Visitor: 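The structure follows.
All figures in this text were calculated on a predicted structure; none of them were measured in a lab. Both backbone and side-chain heavy atoms feed into the values below; hydrogens, waters and symmetry mates do not.
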Amino acid sequence: MGQIVSPASKLFRFVIPRRYDSPLNWGYEKLNNQDDSFDLQIHPEELQFPFELNKQVSCYLQLSNNSENCVAFKVKTTNPENYCVKPIYGVVLPMSTFNVKVLMQAQKEAPPNMQCLDKFLFQSIVAKHKTYHSKNGTTTKHITSKMFDKESGYEVKECQLRAVYVNPPRPRSPIQERFYTDLKASIEHDEQSNTSFEVHPQELQFPFELRKQISCSLQLSNKSDNYVAFKVKTTNPKMYCVKPNHDVVLPRSTCDVKVTMQAQEETPPNMQCKDKFLIQIIVVKMGATTKDITSKMFNKNSGSKIEECKLRVIFVEPSQPSSRIQEESVEYLSSRSDQAAALILKLIEERDSAIKQNKRLEQELEFLRSKANNDGYIKQACQ
């Protein structure tokens with residue numbers, strides 16, 4: 001699964017408005033530095049809807065938490081009947097991102113001058129209370145509407161975004177186009193997929209070499225707000241070593257798995273491998289660790305909902321060795337480097353020897369001068 005690449009965006013410092021008569025007077029202040037205890041990055045800076053009559057349109061936002069705290073958010077709008085926000089509230093884990101989709105209902109008339117007066121308010125809190133926060137993190141299940149009340153004891157911070165209508169289609173730069181395409185695909189995949197657990201790559205590729213242990217890596221991604229445990233099985237357990245073969249993946253995080261294949265004495269026919277791997281996934285209780293995982297949890301009679309992912313094993317050609325010319329070039333450069341180092345060492349030794357010899361000559365000269373002065377003084381005294 002490729003990473004989402006987003007263009008540079010601005011940061012906002014959320015401020016509670018001192019006084020306002022209506023939601024339209026909500027305000028925000030741009031942040032010029034990242035020294036605040038809580039950082040939330042929202043991209044893009046406004047909700048851009050490609051307006052079309054009699055058609056539902058949507059836009060996407062990405063929330064980034066650059067702090068070390070779990071941050072909960074809630075979304076409000078001045079026109080709730082006209083929009084559907086998914087999700088309307090959630091938790092952004094430390095040093096991670098969260099995607100929000102905003103759907104606008106079909107409009108029967110175009111607004112005057114294509115201007116939209118609707119606004120959105122993002123409320124944010126840092127979940128530090130023991131009821132909602134622990135060393136293992138906070139999940140959406142712990143978030144309530146009362147937490148965003150000013151009397152709850154939390155420091156509620158707010159940021160306003162405006163809604164803007166644009167004419168479809170609107171050309172974008174290649175970077176923007178890639179960002180929106182990847183972000184939309186990621187969100188739609190989350191909505192349509194039955195599982196929030198992904199395995200990358202979808203097959204185990206081993207660079208086959210005779211009489212040599214070889215390995216490949218897998219990345220397991222938990223895109224849900226739950227603690228997820230996994231277990232790895234294979235049809236040929238004596239041939240492979242999996243580390244770890246079971247573990248817990250925290251919400252919105254990843255786990256790397258290394259699979260090592262034992263040295264092979266013979267090349268398989270047509271470089272084909274019949275071995276397969278099975279990854280079993282279950283949802284476990286919040287705060288679970290590797291010590292809490294048992295084999296019984298992955299049995300179909302355990303009562304747990306088990307999801308499975310099958311991977312096949314593929315042998316690929318190892319990386320090509322360097323050509324003879326490349327090897328000779330490396331050897332030549334290496335020998336020249338050794339010769340240069342030896343020459344430098346020799347010059348340093350000669351310099352040190354010359355310095356010592358100069359000091360010795362200076363001492364002898366000083367001794368002769370002192371002796372000459374003494375002899376002259378004695379001769380003068382005798383006269």
Visitor: Do the side chains of Val199 and Ile279 get nearer than 4.5 Å, heavy atoms only?
Guide: yes
Visitor: With heavy-atom distances below 4.5 Å as the criterion, would you say the side chains of Gln264 and Phe315 are in contact?
Guide: no
Visitor: For a 4.5 angstrom cut-off between non-hydrogen side-chain atoms, does Pro251 reach Tyr227?
Guide: yes
Visitor: Taking the side chain from Gln272 and the backbone from Pro269, do they hold a donor-acceptor pair closer than 3.5 Å?
Guide: no
Visitor: Step by step, would you call Val75 with Leu121 a side chain to side chain contact (heavy atoms under 4.5 Å, CB included)?
Guide: CA-CA 6 Å; Val75 186; Leu121 180 71; over 6 Å; no
Visitor: Between Leu218 and Leu311, is any pair of side-chain heavy atoms under 4.5 Å apart?
Guide: yes
Visitor: Before giving the answer on side chain to side chain contact (heavy atoms under 4.5 Å, CB included), spell out for Glu362 and Leu365 the whole-Å C-alpha distance, their side-chain angles and the decisive distance to 0.1 Å.
Guide: CA-CA 5 Å; Glu362 289 176 358; Leu365 181 59; 5.7 Å; no
Visitor: When you look at Lys74 and Ser124, which way does the side chain to side chain donor-acceptor pair (under 3.5 Å) test go after all the steps?
Guide: CA-CA 7 Å; Lys74 184 177 180 180; Ser124 299; over 6 Å; no
Visitor: Could you give the distance from CZ (Arg162) to CD (Gln115), rounded to the nearest 0.5 Å?
Guide: 8.0 Å
Visitor: Show the nearest heavy-atom pair for residues Ser304 and Ile282, with the distance to one decimal.
Guide: CB-CG2, 4.3 Å
Visitor: For the CZ atom of Phe49 and the CG atom of Leu103, what is their distance to the nearest 0.5 Å?
Guide: 8.0 Å
Visitor: Do Val313 and Leu210 belong together in a cluster built from hydrophobic side chains that touch within less than 4.5 Å?
Guide: yes
Visitor: Side chains of Cys70 and Pro94, heavy atoms from C-beta outward: is any pair under 4.5 Å?
Guide: yes
Visitor: Are the side chain of Glu81 and the backbone N or O of Asn79 linked by a donor-acceptor pair below 3.5 Å?
Guide: no
Visitor: Given Phe51 and Met114, is the side chain to side chain contact (heavy atoms under 4.5 Å, CB included) satisfied, shown in steps?
Guide: CA-CA 9 Å; Phe51 185 84; Met114 289 292 287; 3.7 Å; yes
Visitor: So, the side chain of Ser215 versus the backbone of Val259: is there a donor-acceptor pair under 3.5 Å, distance only?
Guide: no
Visitor: Backbone N or O of Val249 within a donor-acceptor pair of the Asn222 side chain at under 3.5 Å?
Guide: yes
Visitor: How many angstroms lie between atom NZ of Lys300 and atom NZ of Lys305, to the nearest 0.5 angstrom?
Guide: 14.5 Å
Visitor: State the CD-CG distance between Gln123 and Asp149, to the nearest 0.5 angstrom.
Guide: 8.5 Å
Visitor: Can you give each donor-acceptor pair under 3.5 Å made by side-chain atoms of residues 237-248, sequence neighbours left out, with the distance rounded to 0.1 Å?
Guide:
{"residue": "Tyr240", "atom": "OH", "partner": "Asp275", "partner atom": "OD2", "Å": "2.6"}
{"residue": "Asp247", "atom": "OD1", "partner": "Thr290", "partner atom": "OG1", "Å": "2.6"}

Visitor: Is it true that the side chains of Lys233 and Gln280 contain a donor and an acceptor less than 3.5 Å apart?
Guide: yes
Visitor: Any chance you could measure Leu63, atom CG, to Phe122, atom CZ, to the nearest 0.5 Å?
Guide: 5.5 Å
Visitor: Is any side-chain heavy atom of Phe98 less than 4.5 Å from a side-chain heavy atom of Leu61?
Guide: no
Visitor: Would you please name every residue forming a side chain to side chain donor-acceptor pair (under 3.5 Å) with Glu203, sequence neighbours left out?
Guide: Gln205, Arg312
Visitor: Could you tell me whether the side chain of Glu349 and the main chain of Leu347 form a donor-acceptor pair under 3.5 Å?
Guide: no
Visitor: Quick check: is Val85 connected to Val57 through a chain of hydrophobic side chains (ILVMFWY, heavy atoms under 4.5 Å apart)?
Guide: yes
Visitor: Has Glu109 got more than 12 heavy atoms of other residues, nucleotides or ligands less than 6.0 Å from its CD?
Guide: no
Visitor: How about Phe230 and Phe298: are their ring centres within less than 6.0 Å of each other?
Guide: no
Visitor: Quick one: SG on Cys216 to CG on Leu204, what's the gap to the nearest 0.5 Å?
Guide: 4.0 Å
Visitor: Between Tyr83 and Asp118, do the side chains contain an N or O donor and an N or O acceptor separated by less than 3.5 Å?
Guide: yes
Visitor: Would you sort out whether Val257 and Ser217 count as a side chain to side chain contact (heavy atoms under 4.5 Å, CB included), showing the intermediate values?
Guide: CA-CA 6 Å; Val257 176; Ser217 298; over 6 Å; no
Visitor: If you define the side chain from C-beta out and look only at heavy atoms, does anything of Gln213 sit under 4.5 Å from Met261?
Guide: no
Visitor: Side chains of Asn99 and Tyr60, heavy atoms from C-beta outward: is any pair under 4.5 Å?
Guide: no
Visitor: Run the side chain to side chain donor-acceptor pair (under 3.5 Å) check on Ser67 and Asn69 step by step: do they pass?
Guide: CA-CA 6 Å; Ser67 72; Asn69 298 315; 4.6 Å; no
Visitor: Ignoring hydrogens and geometry beyond distance, is a side-chain donor-acceptor pair present between Gln48 and Glu46 at under 3.5 Å?
Guide: yes
Visitor: Do Val284 and Ile306 share a hydrophobic cluster, counting only Ile, Leu, Val, Met, Phe, Trp and Tyr and linking them when any side-chain heavy atoms are less than 4.5 Å apart?
Guide: yes
Visitor: Checking the side chain of Gln107 only, and the main-chain atoms of Gln105 only, is there a donor and an acceptor separated by less than 3.5 Å?
Guide: yes
Visitor: Would you say Thr234's side chain and Lys276's backbone share a donor-acceptor pair under 3.5 angstrom?
Guide: yes
Visitor: Check whether the ring centres of Tyr89 and Phe148 lie less than 6.0 Å apart, and answer yes or no.
Guide: no
